[in-house]
Amino acid sequence: MQAGGLARTDSPLVSERITFGMSRFDEVDDQYDPDALEQRVFDYWDDVDAYERTVEHRSDGENFFFVDGPPYTSGSAHMGTTWNKSLKDVYLRFLRMQGYDVTDRPGYDMHGLPIETRVEERLGFENKKDIEAFGEENFIQECKDYANEQLEGLQSDFQDFGVWMDWDDPYRTVTPEYMEAAWWGFAKAADRDLVEKGHRSISQCPRCETAIANNEVEYEDVEDPSIYVKFDLEDREGSIVVWTTTPWTIPANTFTAVDEDGDYVGVRAEKDGDEELLYLAEAKHEEVLKEGRYDDYEVVEELTGEDLLGWAYEHPLAEAVPDHVDAAGTHEVYAADYVDTHGDGTGLVHSAPGHGEEDFERGQELGFPIFCPVGSDGTYTDEAGKYEGQFVKEADDEIIADLEGNGALLASGTVQHSYGHCWRCDRGIIQIVTDQWFITITDVKDELLDNIEDSEWHPDWARDNRFRDFVEDAPDWNVSRQRYWGIPLPVWTPENRDDDEDTIVVSTREELAERVDQEIDPEAVDLHKDTVDDFTITEDGTTYTRVPDVFDVWLDSSVATWGTLNYPEDDSQFDELWPADLILEAHDQTRGWFWSQLGMGTAALGESPYEQVLMHGHALMPDGRAMSKSKDILVDPHEAIDRHGRDVMRLFLLSNNPQGDDMRFSWDGMQTMENHLRTLWNVFRFPLPYMRLDDFDPQKTGLADVDEDLELVDEWILARLQTTKAEMTEHLKDFRQDKAVDALLEFVVEDVSRFYVQAVRERMWEEDDSASKLAAYATIYHVLEQSVVLLAPYAPFVSEEIYGTLTGDAGHPTVHMADWPAVEEYWADDQLETDVAVLRAIEEAGANARQQAGRKLRWPVPRVVVAADDQRVVDAVARHTPLLEDRLNAREIELVAPEDRWGELNYSAEADMSELGPAFGDRAGQVMNALNEARIDDPSLEALEAAVSDVLEDGEEITESMVSFVTQTPDDIAGTAFGLDGDDRGVTYVDASLTDDIESEGYAREVIRRVQEMRKDLELDVEERIALELSIDDDRVASLVDERLELVREEVRADDLRDVEDAHRKEWDVEGVTIEIALEALAAAEASD
RNA sequence: GGGCCGAUAGCUCAAUUAGGUUGAGCGCCACUCUGAUAAGGUGGAGGCUCUCGGUUCAAAUCCGAGUCGGCCCA
């Protein structure tokens, strides 16, 4: 299959390449210059509408519904975002090349508290009162402006990274149609009876004066009070001891909890002559009494938690807080499963259902009133008695003092512990009980767990371990926030009530226009709070007003799968596309977007809204630390681009495993990728001058036309190309773009650059037209063209320029329109790949052996002996003897067949542990060492057994399967084993002995190489003729060189051999002999005559 | 405090599915090549495979307990 649409030359679209300077085989930069190249390609894309045309090109293809996880619009793109978008880009491009019509609408998450707090900072606001004074409408407008500003920064970053998405039409969570998508989803959940208003213990940010979700709470180490408080028992002697780090919750104390099965003690303790009876956990009593600095103590009672149940005590702040809870059964000891007699504290837990979540639940079970004397801003209400009006944290000291005054304080200190903070403004959160709106996803927990099964995750453990655990433990979703910049809850309640009975949930703008008392245009209405707060609904004589809350911002993005399609406003695509085929985000989204979408999809539609999830990791610093913008620990993608370019950065990012593992950024890794691209660039530009000179036309001379003339190495590189395509396709389908690009780069660097190009250079230098040259042209053209098509999703810029230069006006306007190259079975040839791999292994071993023998490649060696282990190696060598002679610079190649032995060798054995282990048990290691050390003349088992007889016990023998024989070479000769995939296939021996003839050629080559270097110093053209002067300070060497003088003259294009004046002159040391060389260019000399 | 993931050469990672003498690329050092040349080739140094136990003839690999890092949860 042709990758390029070669028949499209008549299209008016494709000829535009010429206009923009990409005609075939144009001159290209000598050096790979990413910055200049990428700017050129940006301009080119712009000029030919490359993106739009690529999208159009696939518009008839099968649908693929990708949904972009919307980045939050604060700050600019960091390395993590960059990795994420690069991953999306590579898969979207790959899918397009495979023919899919891909949905690629990017999204931005633009509501929520983070933006509100930024705007508040900007305006110098401290709390909600400032906002109210400024005006809701004004504040919402400021937030809108700020979010749009931030969006522009992200948009331009992503485009600058070369990401191709529909940048002209991103979905934005602040538009009426998107907000409507959220209303619709919420209304569907309400239809299923999954929406309720509830009195719950929630995390409250006292500065932002709103509830925040548990997953918005960030934990940091802080120093807090640590106090032990005695509750005096009623009806019996003594006190129970509790511990808390939040003295401000003591006023709301309602009961005390114990572990029914825990062990407790009564302790008679003495301090300053006074004696007290204290009850607390057995495991903690020593520690606690030490804290209380008691002089002495004695355990007088041993009890279980059960014994303590029902004990009544006095509220220690009863006088200061006259309104404290005083219902029947309060201020007694109860069992609760959140008590641990071996954890922090005393084994008795002060419980205030008006604050703590667990306390709240247990308090409800016990039927107690919920007493919470704290307002939404964290100050005590009048119910808190003498503490009224104080901010709770600031009241700690006074409360501690009051406890002490009452004699209730056993000990007071501080403790370092992690405490929850608001994710945006960093204020310490407080737990209070308020009214909130919930989506009761716990009612559909089984459905959620079922729906998890409908999505396929990469890696799969992320779904089956991490995500399932999270979903199993997930509580009801508190979706209401007492803020401004968000999607308003579409809930209207009867004017005189504030519960969740008889509510109206509005689903769409159209419904809104129909039902509200005011006259509105559904097309034009904005849905933000400042607008909809004014709307009332009157039905059946009852007037309904809107609940003033806005949604948790996580609800916004949870509807992205239909929000992307503008559904329900636009229902043209939903049925066909939904649910999403793929979403792709980092692992922190398990608790975020992966979860919120599953929750909303299930609550609203009973289904998972996505089918496949690719979960990648985070970008870490080179030393493994997490990146952090606020701490200025980061690598800025813009710096990476400045230093190495976009293609290099993308290649680096995309060469990392995307399946769950974090990625460490590495400047070395970036440099390596740049080196690889430079290699590609050099390979690409190497044949261009020759093709240009010969007017090579790939349309007229394709592979089919030169099939008869292809040489083995051509067929080999074509076979390798097929394997590379197959591997890449398999890896990409497996979401392992890192392995795919590794395969491609290895092909380009190892096979094309280091082997194929080396092997075909001389064919390209031939001046006359030859079938062999054309075959090489057609081959390298095909290989390069397919390689850049394969590289295009990763490095779209350099691929574009190379593709354009190769195809000119015969290709697609952009490489990104090309089809993903399919394996061409005709060229596949596993046998040949193996053959050449054998030859390369022999060559490599030969080079190694040569170095051991101390003979430079420039000096010929009389013979190279290849001892083959199998017939395959014999065949390969026999067919390619001249190639091997040439590459190893050997006068002769000698082949030793597998059944023969080369007489000059000794042998030793290499042990196979998988055989020795079972046979010798714990002596296997000992036998292995003896075998490895043995030296024998004859590679037979008998000789070997004799050599290792010391370690063999009676009756034991060495069998053939246990060992393989290894040769030991004599002095003149160096040998190196070669193998394939870890299996030994034979040995290459280099005989490095010297003769006059060899020395003659060796010295001649030394001279040639130095003359060539001097030609280069003078920047002479390859064809330019010279006059040469040689003076060699050693008679023997001089006569040796004389023997090869013709060779020297020919190689260095020396027409004259004479003394030259005013020449480029240099003295060289060659193997200890001084040689003086001078030369001048003949044309120059003639001109000066 | 709990869950998940990771820890192998200076760096980035393979090898863990099925236990069998730990590998590659990059970097470093030395040598080498030179009609792709700010490239290419060869070699060398560099590892108690995080620690400690266990299973086994044999553990990077399986099991248990820790340590450190990342993410998530409390």
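So that the names make sense, note that chain A is the first sequence line, chain B the second, and so on, each numbered from 1.
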Considering only side-chain heavy atoms of [X], which listed nucleotide, [options], is closest?
X	options	value
A:L620	B:A36, B:C26, B:G70	B:G70
A:N657	B:G25, B:U21, B:A14	B:A14
A:D469	B:A36, B:C72, B:G3	B:G3
A:D661	B:C5, B:C71, B:A39	B:C5
A:R754	B:G70, B:C26, B:G41	B:G41

Decide whether A:Y32 and A:N682 meet the rule of one side-chain donor and one side-chain acceptor closer than 3.5 Å.
-> no
Could you tell me the Watson-Crick or G-U partner of [N], where both distances fall under 3.5 Å? Say none if there is no partner.
N	answer
B:G53	B:C63
B:A45	none
B:U34	none
B:G27	none
B:G6	B:C68

With rounding to whole Å, what would you report as the distance between [N] and [M] at their [atom1] atoms?
N	M	atom1	result
B:C72	B:A15	C1'	30 Å
B:C62	B:G20	P	11 Å
B:C13	B:U34	C1'	33 Å
B:U42	B:U61	C1'	33 Å
B:U16	B:U21	P	13 Å
B:G25	B:G40	P	13 Å
B:G66	B:C4	P	13 Å
B:C63	B:U56	C1'	12 Å

Without decimals, in angstroms, what is the distance between [X] [atom1] and [N] [atom2]?
X	N	atom1	atom2	value
A:D588	B:C5	CG	P	18 Å
A:F594	B:C71	CZ	C1'	12 Å
A:H618	B:G70	NE2	C1'	9 Å
A:R761	B:G35	CZ	C1'	7 Å
A:H421	B:A74	NE2	P	16 Å
A:D662	B:C72	CG	P	10 Å
A:I1008	B:U34	CD1	P	9 Å
A:D464	B:C72	CG	P	20 Å

Test of ring centre spacing under 6.0 Å for A:H587 and A:H618 | yes
Could you walk me through whether A:E843 and A:L839 pass the side-chain contact (heavy atoms from CB on, under 4.5 Å) check?
-> CA-CA 6 Å; A:E843 187 193 328; A:L839 282 174; over 6 Å; no
May I have the step-by-step check of side-chain contact (heavy atoms from CB on, under 4.5 Å) for A:E727 and A:F747, ending in yes or no?
-> CA-CA 11 Å; A:E727 280 178 14; A:F747 173 69; over 6 Å; no
Reported [atom1]-to-[atom2] distance for the pair [X] and [Y], which is rounded to 0.5 angstrom:
X	Y	atom1	atom2	result
A:M627	A:D662	CE	CG	10.5 Å
A:L448	A:K445	CG	NZ	7.5 Å
A:F684	A:S787	CZ	OG	12.5 Å

Is the shortest distance from a Lys or Arg side-chain nitrogen in [X] or [Y] to a carboxylate oxygen in the other one below 4.0 Å?
X	Y	value
A:D751	A:R840	yes
A:E358	A:R362	no
A:E287	A:K284	yes

Report the residue (A:H587 or A:V683) whose heavy-atom-nearest nucleotide on RNA chain B is the more 5′ of the two.
-> A:V683
Contacts of A:M928 and A:T679 projected onto RNA chain B by closest heavy atom; the upstream (5') one is A:M928
A:F470/A:F594 under ring-ring contact (aromatic ring centres under 6.0 Å, His included): CA gap, chis, key distance, verdict = CA-CA 11 Å; A:F470 184 85; A:F594 298 154; over 10 Å; no
Using a heavy-atom cut-off of 4.0 Å across all strands, would you classify [X] as base, sugar-phosphate, or nothing?
X	result
A:T672	sugar-phosphate
A:W681	nothing
A:E746	nothing

Going by modelled atom types, is there a donor-acceptor pair between the base of [N] and the side chain of [X] at under 3.5 Å?
X	N	answer
A:R1053	B:G35	yes
A:S753	B:A36	yes
A:R466	B:C71	yes

Restricting to nitrogen or oxygen on both sides, can you table the protein-nucleotides 54-58 of chain B pairs closer than 3.5 Å?
from: B:C57; atom 1: O2'; to: A:G921; atom 2: O; distance (Å): 3.0
from: B:C57; atom 1: O2'; to: A:D922; atom 2: N; distance (Å): 2.9
from: B:C57; atom 1: O2; to: A:G917; atom 2: O; distance (Å): 3.2

Restricting both atoms to N or O, compile the protein contacts to nucleotides 9-12 of chain B shorter than 3.5 Å, with distance only.
from: B:U12; atom 1: OP1; to: A:R664; atom 2: NE; distance (Å): 3.1
from: B:U12; atom 1: OP1; to: A:R664; atom 2: NH1; distance (Å): 2.7

Judged by atom type as modelled, is there a donor-acceptor pair below 3.5 Å linking the side chain of A:N84 to the main-chain atoms of A:L584?
-> yes
